[in-house]
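One structure is given below, encoded as structure tokens.
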Amino acid sequence: MAAAPGPDEVLRSTSGKDNFQRVARLLTSGGTTLLREIFDQICPPSNLPTILKNPATKKQLQAAKLFKPQWDCLYPSPGVYGKSSDFDITLLSRLLRTICNLIPPVMGWDALPAGTDHSLAADVARIKYYRNSVCHVNQNMEITDDEFPQLWQEIRGALLRIAGQISLAKKTEWKEAIDNFLQEHLTAEDER
């Protein structure tokens with residue numbers, strides 16, 4: 001049996017770990033923020049309680065088989081309704097595909113969409129797919145220097161298309177922020 005790696009080896013910064021951290025932050029922070037903004041555009045926060053109160057919406061959500069924490073986020077207590085600011089990327093993508101009635105991508109909601117499919121639904125599916133495959137399945141928390149550029153461009157493109165659905169100014173703002181983030185040095189705190 002091979003000896004387990006020592007703590008210094010496990011915690012040591014590497015290019016692959018830096019790549020992972022950049023992609024994870026882009027997906028988790030960027031993806032959640034933009035999915036929330038597009039959700040708020042379709043279901044404005046001022047209308048969300050009315051939407052969630054609607055029996056047809058409740059029926060759609062029951063059919064979507066939400067987990068209890070997701071249900072509790074939408075309906076924290078009787079007569080009280082959730083706010084999109086409390087929704088995570090999983091719940092936002094689920095809401096976009098159910099109550100916002102996005103047409104499913106050709107490959108379905110749980111598969112990586114074709115690279116030529118640039119619809120909003122495909123980009124929502126793409127962000128969730130990459131978030132799951134990068135952040136949840138990637139046990140070693142590393143992305144090689146060979147894998148990183150293509151993965152970064154795929155995610156960047158999806159986020160910019162989603163931002164473009166909100167406004168051209170939003171797309172420009174996100175393009176600048178994403179490009180700056182790629183060039184920034186990660187701090188020691190980020191690396192930890």
*Do Q60 and N101 come within less than 4.5 Å of each other through their side chains, counting heavy atoms only?*
yes
Name every donor-acceptor pair, under 3.5 Å, that has one atom in a side chain of residues 41-58 and the other anywhere in the protein, sequence neighbours excluded.
| unit_1 | atom_1 | unit_2 | atom_2 | d |
| --- | --- | --- | --- | --- |
| Q41 | NE2 | I166 | O | 3.4 |
| N54 | OD1 | A56 | N | 2.7 |
| T57 | OG1 | I51 | O | 2.8 |

On a heavy-atom basis, the closest approach of A158 and I127 is CB-CD1, 3.8 Å
Sorted by chain and number, sequence neighbours left out, salt bridge (charged side-chain N to carboxylate O under 4.0 Å, His left out) with E147 holds for none
The ring pair (Phe, Tyr, Trp, His ring centres under 6.0 Å) partners of F148 (sequence neighbours excluded) come to W152
Give the intermediate values and the outcome of side-chain contact (heavy atoms from CB on, under 4.5 Å) for residues L27 and V23. CA-CA 6 Å; L27 284 165; V23 169; 3.8 Å; yes
ring-ring contact (aromatic ring centres under 6.0 Å, His included) pairs touching residues 61-95, sequence neighbours excluded, are W71-Y75, Y75-Y81
Exercise. Show your working on side-chain contact (heavy atoms from CB on, under 4.5 Å) between L159 and I155 and close with a plain yes or no.
Key: CA-CA 6 Å; L159 291 175; I155 296 163; 4.0 Å; yes
By side-chain contact (heavy atoms from CB on, under 4.5 Å), N180 pairs with (sequence neighbours left out) E176
Taken in chain and number order and not counting sequence neighbours, the residues that satisfy salt bridge (charged side-chain N to carboxylate O under 4.0 Å, His left out) with K128 are none
- request: For residues N19 and E142, determine if any side-chain heavy atom of one lies less than 4.5 Å from a side-chain heavy atom of the other.
  value: no
Residues at least two apart in sequence or cross-chain that pass salt bridge (charged side-chain N to carboxylate O under 4.0 Å, His left out) with K83, listed by chain then number, are D86
Applying side chain to side chain donor-acceptor pair (under 3.5 Å) to R161 and not counting sequence neighbours gives D123
Report task. Can you establish whether the number of heavy atoms outside Q153 located under 6.0 Å from its atom CD is more than 12? Result -> yes
Taken to the nearest 0.5 Å, the spacing of I178 CD1 from R22 CZ works out to 13.0 Å
So the side-chain hydrogen bond (donor to acceptor under 3.5 Å, both in side chains) pairs with at least one residue in residues 27-40 (sequence neighbours excluded) are E37-K170, D40-S84
In the structure I gave you, are the side-chain heavy atoms of T90 and R131 within less than 4.5 Å of one another anywhere? yes
D72 meets the salt bridge (charged side-chain N to carboxylate O under 4.0 Å, His left out) criterion, sequence neighbours left out, with K68
- Let me see the working for M141 and K17 under side-chain contact (heavy atoms from CB on, under 4.5 Å), right down to the final yes or no. CA-CA 6 Å; M141 297 175 60; K17 288 178 183 175; 5.5 Å; no
Report yes if some heavy atom in the side chain of C73 is under 4.5 Å from a heavy atom in the side chain of L91; otherwise report no. yes
### Query
Under 4.5 Å between side-chain heavy atoms, hopping through other hydrophobics if needed: is there a path connecting Y130 to L182?
yes
One should read off an interatomic distance between L74 CG and L95 CG, to the nearest 0.5 angstrom, of 5.5 Å
In short, ring-ring contact (aromatic ring centres under 6.0 Å, His included) pairs touching residues 21-62 with sequence neighbours left out are none
Side-chain donor-acceptor pairs of residues 110-121 under 3.5 Å, sequence neighbours excluded:
| unit_1 | atom_1 | unit_2 | atom_2 | d |
| --- | --- | --- | --- | --- |
| D117 | OD1 | S119 | N | 3.1 |
| D117 | OD1 | S119 | OG | 2.9 |
| H118 | NE2 | G115 | O | 2.9 |
| S119 | OG | A122 | N | 3.1 |

* Answer yes or no: is there a side-chain heavy-atom contact under 4.5 Å between K175 and R156? => yes
